[in-house]
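Here's the structure we're looking at; comments come further down.
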2 protein chains.
Amino acid sequence: MGRASSVAVDRTLAALADPHRRRVVDLLAQRPRAAGELARELAISPPAMSRHLKTLRISGLVEESHPEFDARVRIYALRPEPMVHLLRWLEESERLWSAQLLAFKAHIETAAQTGPDA
Amino acid sequence: MGRASSVAVDRTLAALADPHRRRVVDLLAQRPRAAGELARELAISPPAMSRHLKTLRISGLVEESHPEFDARVRIYALRPEPMVHLLRWLEESERLWSAQLLAFKAHIETAAQTGPDA
DNA sequence: ACAATATTTAACGCATATCGCAATTATATC
DNA sequence: GATATAATTGCGATATGCGTTAAATATTGT
């Protein structure tokens, strides 16, 4: 384990690497929005937004739905699961890094006990 | 705030988007390593690794140092600060998304109080 | 001084990503 | 049924990213 979920995290990171897509995630974290609405807010063309949304959908970061009153518009909503995996990876890295610091500190203290400049 | 640190988070995400670079971060989370050591572990050429390390260094994710006994070797170590910013962004997104859920739940309950199928 | 080692930089090619415009599909409206 | 609207897909152009080999730089050791 740890390596098994790596691929999914890689996909999530690749999806979030584009600034436009990250901005979309920011907006969808507030509330779900229609594709056209997102395109207007980011000032990019509808086709460009459509592609970004496709990328996000494939990565699992967003999901698509239709409002009941108009089947032409597509509502996109955030799907936090991939972000949770990413969060876990970050926390694990932080944990390991902290362990490094502790080990270093212990090393220094041991050296001090053995006697400085031994 | 929130938008000010966005650029930095964008750079961090771009740096982590490459699977090789993310693997480097995994290795450096355990302990600092020399450039050549990293190249061998990931089975890529030294020039390729050198470029990845440059990217990581510019993004602030790693820092470079020399061992005292051999100035040819460059030791790379993790610098967790950019990851902390990324972590904060993720947590904030999660927080907003949870608020969405609560609002939705409240809406449903209000509707239930008003009376179903009003 | 010379040969070996660690790493980076230069140069090139290849694959992939992104954009805007035009065309297409699906649905709504009159 | 004709027209307008929301969104996606096709296409050509541009750009960026990554990898390899070869050359350069810095340092060590004999």
Side-chain angles (χ1 to χ4, degrees), chain A residues 6-7 9-28 31-78, chain B residues 6-7 10-28 31-78 82:
Chain A
S6 292
V7 182
V9 174
D10 278 343
R11 268 201 299 269
T12 304
L13 283 167
L16 292 174
D18 181 273
H20 280 152
R21 285 195 293 267
R22 195 166 77 79
R23 184 96 181 84
V24 167
V25 169
D26 273 335
L27 291 171
L28 296 186
R31 59 182 167 82
R33 290 161 203 254
E37 193 182 346
L38 291 168
R40 277 190 299 277
E41 302 217 43
L42 269 68
I44 64 177
S45 67
M49 178 56 69
S50 181
R51 289 197 187 90
H52 284 309
L53 289 170
K54 184 175 186 178
T55 301
L56 288 169
R57 185 157 28 85
I58 289 173
S59 78
L61 276 164
V62 307
E63 65 187 357
E64 187 184 270
S65 66
H66 295 280
E68 59 287 346
F69 54 85
D70 191 340
R72 287 174 303 179
V73 332
R74 304 200 187 174
I75 302 291
Y76 285 90
L78 196 59
Chain B
S6 291
V7 182
D10 277 343
R11 268 200 299 270
T12 304
L13 283 166
L16 292 174
D18 181 272
H20 280 152
R21 285 196 292 267
R22 196 167 77 77
R23 184 96 180 83
V24 166
V25 169
D26 273 336
L27 290 171
L28 295 187
R31 59 181 166 81
R33 290 162 204 252
E37 193 181 346
L38 290 167
R40 277 190 298 278
E41 302 217 43
L42 267 69
I44 65 175
S45 67
M49 178 54 71
S50 181
R51 289 172 155 222
H52 284 309
L53 290 170
K54 185 176 185 178
T55 300
L56 289 169
R57 184 155 29 82
I58 289 174
S59 78
L61 277 164
V62 308
E63 66 188 355
E64 187 185 270
S65 66
H66 295 280
E68 59 287 345
F69 53 84
D70 189 340
R72 288 174 302 180
V73 176
R74 303 199 188 176
I75 302 291
Y76 286 90
L78 197 60

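Protein chains get the first letters and strands the later ones, always in sequence-line order, with residue 1 at the start of each. All figures in this text were calculated on a predicted structure; none of them were measured in a lab.
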Rounded interatomic separation in angstrom, taking [atom1] from [X] and [atom2] from [N]:
X: B:Leu56; N: D:dC18; atom1: CG; atom2: C1'; answer: 14 Å
X: A:Glu37; N: D:dA6; atom1: CD; atom2: C1'; answer: 13 Å
X: B:Ile58; N: D:dT16; atom1: CD1; atom2: C1'; answer: 15 Å
X: A:His66; N: C:dT25; atom1: NE2; atom2: P; answer: 17 Å
X: A:Arg33; N: D:dA7; atom1: CZ; atom2: C1'; answer: 18 Å
X: B:Leu53; N: D:dC18; atom1: CG; atom2: P; answer: 13 Å
X: B:Arg57; N: C:dT8; atom1: CZ; atom2: P; answer: 7 Å
X: A:Leu13; N: C:dA17; atom1: CG; atom2: C1'; answer: 17 Å

Inset, instruction - Would you indicate what B:Arg21 reaches in the nucleic acid, counting non-hydrogen atoms under 4.0 angstrom: base, sugar-phosphate, or nothing? - result: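 Contact class for B:Arg21: sugar-phosphate only.
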Inset, instruction - With heavy atoms under 4.0 Å as the rule, sort A:Ala39 into base, sugar-phosphate or nothing. - result: nothing
Legend entry - With sequence neighbours excluded, residues passing side-chain contact (heavy atoms from CB on, under 4.5 Å) with A:Ala17: B:Ala17
Inset, instruction - Please name all residues satisfying side-chain contact (heavy atoms from CB on, under 4.5 Å) with A:Ile58, sequence neighbours left out, ordered by chain then number. - result: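 In terms of side-chain contact (heavy atoms from CB on, under 4.5 Å), with neighbours along the sequence ignored, A:Ile58 is linked to A:Lys54.
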Inset, instruction - Determine which pairs satisfy salt bridge (charged side-chain N to carboxylate O under 4.0 Å, His left out) with at least one residue from residues 62-73 of chain B, sequence neighbours left out, and list them in order. - result: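 The answer is B:Arg57-B:Glu64, B:Glu64-B:Arg74, B:Asp70-B:Arg72.
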Inset, instruction - At under 4.0 Å between heavy atoms, which parts of nucleotides 25-30 of chain D does protein reach? Answer with one letter per nucleotide, 5' to 3': B base, S sugar-phosphate only, - none. - result: -BBS--
Inset, instruction - List the steps, then state whether side-chain contact (heavy atoms from CB on, under 4.5 Å) holds for B:Ser6 with A:Arg23. - result: CA-CA 9 Å; B:Ser6 291; A:Arg23 184 96 181 84; over 6 Å; no
Inset, instruction - Using only side-chain N and O atoms of B:Tyr76, determine if any of them is under 4.0 Å from OP1 or OP2 of C:dA6. - result: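 No, because none of the side-chain N or O atoms of B:Tyr76 sits under 4.0 Å from OP1 or OP2 of C:dA6.
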Legend entry - Per A:Ser50 side chain, nearest of listed nucleotides D:dA7, C:dA6, D:dT8: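 So the side chain of A:Ser50 is nearest to D:dT8.
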Legend entry - Nearest listed nucleotide, side chain of B:Ala35, among C:dT7, D:dA7, D:dT8: C:dT7
Inset, instruction - Look up atom CG in A:Leu61 and atom CZ in A:Arg11, then write down how far apart they are to the nearest 0.5 Å. - result: 11.0 Å
Inset, instruction - First locate atom OG of A:Ser59, then atom CG of A:Leu13, and finally report the distance between them rounded to the nearest 0.5 Å. - result: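 Between atom OG of A:Ser59 and atom CG of A:Leu13 there are 10.5 Å.
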Inset, instruction - Name all residues meeting the side-chain hydrogen bond (donor to acceptor under 3.5 Å, both in side chains) criterion together with A:Arg33; count only those two or more places apart in sequence or in a different chain, and write none if there are none. - result: A:Gln30, A:Glu41
Going by atom type alone, with no hydrogens or angles, which donor-acceptor pairs under 3.5 Å involve a side-chain atom of residues 43-52 of chain B and a protein atom two or more places apart or on another chain?
{"from": "B:Ser45", "atom 1": "OG", "to": "B:Ala48", "atom 2": "N", "distance (Å)": "3.3"}
{"from": "B:His52", "atom 1": "ND1", "to": "B:Arg21", "atom 2": "NH1", "distance (Å)": "3.1"}

Please produce a list of atom pairs where a protein N or O lies less than 3.5 Å from an N or O of nucleotides 19-21 of chain C.
{"from": "C:dC19", "atom 1": "OP1", "to": "A:His20", "atom 2": "ND1", "distance (Å)": "2.9"}
{"from": "C:dC19", "atom 1": "OP2", "to": "A:His52", "atom 2": "NE2", "distance (Å)": "2.8"}
{"from": "C:dG20", "atom 1": "OP2", "to": "A:Ser45", "atom 2": "OG", "distance (Å)": "3.0"}
{"from": "C:dG20", "atom 1": "O6", "to": "A:Arg51", "atom 2": "NH1", "distance (Å)": "3.2"}
{"from": "C:dG20", "atom 1": "O6", "to": "A:Arg51", "atom 2": "NH2", "distance (Å)": "2.9"}

Inset, instruction - State which residues pass salt bridge (charged side-chain N to carboxylate O under 4.0 Å, His left out) with B:Arg40; sequence neighbours excluded, sorted by chain then number. - result: none
